[in-house]
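Naming: A, B, ... by sequence-line order, numbering from 1 per chain. Computed from a predicted model, the values in this text were never measured in an experiment.
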Amino acid sequence: MRYSEMFLPTVRETPSDAEIASHKLMIRAGMIRKLATGVYSVLPLGYRVVKKVEAIIREEMDRAGAQEVYLPAVQPAELWQESGRWKMYGKELLRFKDRHNREYCIGPTHEEVITDLVRNEIKTYRQLPRNLYQIQTKFRDEIRPRFGVMRCREFDMKDAYSFDIDSEGADISYQKMYDAYSRIFSRMGLKFRAVEADTGNIGGSFSHEFMVIADTGEDALIFCTKCNYAANLEKAEVAKPEKKAVNPSAFLALETVHTPNVRTIEEVSKFLKVKPGEIVKTLIFQADSKPVAVLIRGDEEVNEAKLRSFLGCDILELATDDVVLAVTGSPKGFAGAIGVKADIYADDSLMNMVNVVMGGNKEDYHVRNVNNGRDFQVKAFADLRVILKTDPCPRCGSRLRFAKGIEVGHVFKLGDKYSKAMRATYLDKNGKEQYMVMGCYGIGVGRTVAAIIEQNNDDKGIVWPMSVSPFQVVVVPVNVNEKTLAEAAENLYGALRKKGIEVLLDERDERAGVKFNDADLIGIPLRITLGPKKLAEGEAEVLVRKTGKTKSLKLEKIPATISGMVKRGLRKHP
RNA sequence: CGGGGCGUAGCGCAGCCUGGUAGCGCGCCUGCUUUGGGAGCAGGAUGUCGGAGGUUCAAAUCCUCUCGCCCCGACCA
């Protein structure tokens, strides 16, 4: 490609509305432009990278035995009503009506459509297992899109769906995808971790997220310094404390204390001169509209994802003020467990606590020396809290490390959630109808591109790994008005292309500095500079973007040498 | 959805408080010079000041509404 003919609008100044490196650089390098909040146009340079990323994904998906399909973006409401997600998915689902007033949505994901397709066509165990995937546009009406293509509303996703006859088969399909994902992200030169994750909106029994480690990531991860336990913070298990025998003789007499306008844990702690860890918070939630009381230590936090899966509910919300009043008899800030009109669940950390401080279920009152079993009855103890840095690894007890990550991929074992709701069945060997066991597997294409940039940039711009670089080499004649330089550059351009190398020829009539800076910004891994002095000796200079190292080579040797360097670069992340 | 902020030339911004000729840098166009890390000189083009309404002799500036965009939060009593 010739630079002078390319639609490649680089910008010198940092865009004012970009926060993180990848967003700034994608704008500056002329890869993307914003059309509306969370909606981006992809320009030629950006699209070249997208296509490379997609090619790697396709190769590895095909290698893993998946087959590519292409499903509609527009989906009828009926399918979503069948799976129950028309109600569940909430405002993120972009809905609309056609001219006949029929309801549709733009697919944020494709479980419904694929399940519908497969249930209509697959009838017997002989046709299973199958794994179908596509790369396609999704729309999710995010509350707050941000960070460029990292969290946007319209984006391309690779989504795959596996169908098996039983759970064991589904485990094999899951493992295949897990392995394929590991290869995909390795080939892109990413440093990543697969972590145990919450299944959220998609549902299912378990899942792993593929996290690119980056400080700008939106997810918090923990991993063990010793064993291989790794999890998203919202999923991370807390080691169960040992249950000790509680001796009721240690219970002190209940004591009601007047605490005017003392509501928060901090205020209670100060007012009563007790540590936050000695106070018990009572949180009133509504689980599918049914109020529940959740007890947790004052210095800890409820993990809503854990609570939701523990209760097995779909919608979990903190109760509104009037529900709190109805359930506890007091306004927010004074809720306690005694006499509360709801089931009481408590975090494991409260199992051995005695004589705690709690809200009094009466405005401006708290209670001391409250005890489970005497003053109220916990229905069940469970791991309901957010893990802390000081917690030990739930598997081996070693120290944990925290990191930030970008979720580029997510694999789910769905079980029969969709096949049951939508009656996707097959006949087994005995002629008996069985539900298919499903898995689903996503990769955010644009987000992966952004994540690659987050991990591969310096103060001059992007530093592409060879495997996803929009061009492998850029040829820069320092002055196109010198005929010998211009000709040598043309010759080199032709010779490199003959070798199958992807070359950008910067034959613009610009000063060398401008071209160097653009080459650095757009991140081409190798640069060949043609200058008058070297050329007089029949040589040109090769620069490696990542290391900044240069070497001079005889012109006739360049195509072979560069070809070798490109191949080595590609082999580095096989 | 709640809070905060910003919309002025293609981009980055000043001007607004205290109403009175719309500016700066970069980019863009022309010419000459220059040519290995974002050139110099000379000349030139470019604005519904986000939109609508209002106040005023007069509005980028003050007021009201509205649209767009960015940031923070959106559950912890």
What integer number of Å spans the [atom1] atoms of [N] and [M]?
N: B:A22; M: B:U66; atom1: C1'; answer: 25 Å
N: B:G25; M: B:C6; atom1: P; answer: 25 Å
N: B:U61; M: B:G20; atom1: C1'; answer: 11 Å
N: B:C24; M: B:G5; atom1: C1'; answer: 23 Å
N: B:G38; M: B:G2; atom1: P; answer: 50 Å
N: B:C1; M: B:A14; atom1: C1'; answer: 35 Å
N: B:G7; M: B:C63; atom1: P; answer: 15 Å
N: B:G4; M: B:G40; atom1: P; answer: 45 Å

Close N/O contacts between protein and nucleotides 26-34 of chain B (under 3.5 Å):
from	atom 1	to	atom 2	distance (Å)
B:U34	O2	A:R511	NH1	2.9

How many Å lie between [atom1] on [X] and [atom2] on [N], as a whole number?
X: A:K306; N: B:C76; atom1: NZ; atom2: P; value: 18 Å
X: A:I27; N: B:G10; atom1: CD1; atom2: C1'; value: 14 Å
X: A:N517; N: B:G36; atom1: CG; atom2: P; value: 14 Å
X: A:R28; N: B:G10; atom1: CZ; atom2: C1'; value: 16 Å
X: A:R33; N: B:G10; atom1: CZ; atom2: C1'; value: 10 Å
X: A:D458; N: B:G37; atom1: CG; atom2: P; value: 18 Å
X: A:E92; N: B:C1; atom1: CD; atom2: C1'; value: 14 Å
X: A:L521; N: B:G38; atom1: CG; atom2: C1'; value: 11 Å

What does [N] pair with, Watson-Crick or G-U, if both distances are under 3.5 Å?
N: B:U46; result: none
N: B:A39; result: B:U33
N: B:G10; result: B:C26
N: B:U18; result: none
N: B:U64; result: B:A52
N: B:C1; result: B:G73
N: B:A58; result: none

(request) Select from A:E301 and A:V478 the residue whose nearest nucleotide in RNA chain B is closer to the 5' end of that strand. (result) A:V478

(request) Answer yes if the ring centres of A:F310 and A:Y345 are under 6.0 angstrom apart, and no otherwise. (result) yes

Is the shortest heavy-atom distance from the side chain of [X] to the side chain of [Y] under 4.5 Å?
X: A:I528; Y: A:E541; value: no
X: A:L526; Y: A:M466; value: yes
X: A:T282; Y: A:T328; value: no

(request) Describe the nucleic acid contact of A:V302 in one word from base, sugar-phosphate, nothing, applying a heavy-atom distance below 4.0 Å. (result) base

(message) Over all strands shown, is A:I296 touching base, sugar-phosphate only, or nothing at heavy-atom distances under 4.0 angstrom?
(response) nothing

(request) Test A:S22 against every option in A:R447, A:Q455, A:E454 by the side-chain hydrogen bond (donor to acceptor under 3.5 Å, both in side chains) rule and name the one that passes. (result) A:E454

(message) Which residues pass the side chain to side chain donor-acceptor pair (under 3.5 Å) test with A:T109, not counting sequence neighbours?
(response) A:E111

(request) Please list, chain by chain and in numerical order, all residues satisfying side chain to side chain donor-acceptor pair (under 3.5 Å) with A:N232, sequence neighbours excluded. (result) A:E209, A:D219

Close N or O pairs between protein and nucleotides 69-74 of chain B (under 3.5 Å):
from	atom 1	to	atom 2	distance (Å)
B:C69	OP1	A:T37	N	2.8
B:C69	OP1	A:T37	OG1	2.6
B:C69	OP2	A:T37	OG1	3.1
B:C69	O5'	A:T37	OG1	2.9
B:C69	O3'	A:K34	NZ	2.8
B:C70	OP1	A:K34	NZ	3.2
B:C70	OP2	A:T37	OG1	3.3
B:C72	OP2	A:R144	NH1	2.7
B:C72	OP2	A:R144	NH2	2.4

(message) Quick check: any donor-acceptor pair below 3.5 Å linking the side-chain of A:D520 to the base of B:G37?
(response) yes

Within 45° of the ring axis of [Y] and under 6.0 Å from its six-membered ring centre, is that where the NZ or CZ of [X] lies?
X: A:K97; Y: A:Y104; answer: no
X: A:R140; Y: A:F155; answer: no
X: A:R527; Y: A:F516; answer: yes

(request) Spell out, as yes or no, whether a donor-acceptor pair under 3.5 Å connects the side chain of A:K404 to the backbone of A:L221. (result) no

(request) Begin with the C-alpha distance, continue with both residues' side-chain angles, and end with the deciding distance and a verdict on side chain to side chain contact (heavy atoms under 4.5 Å, CB included) for A:R385 and A:V302. (result) CA-CA 4 Å; A:R385 70 176 170 93; A:V302 168; over 6 Å; no

(request) On the 0 to 90° scale, with breaks at 30° and 60°, tag the A:W80-A:Y89 ring pair as parallel, tilted or perpendicular. (result) perpendicular

(request) With a 4.0 Å heavy-atom cut-off, tell me which residues in residues 522-532 of chain A come close to RNA chain B, sorted by residue number. (result) A:R527, A:T529, A:G531, A:P532

(request) Would you list the pairs meeting side chain to side chain donor-acceptor pair (under 3.5 Å) in which at least one residue belongs to residues 485-497 of chain A, sequence neighbours left out? (result) A:R2-A:E490, A:Y493-A:R497

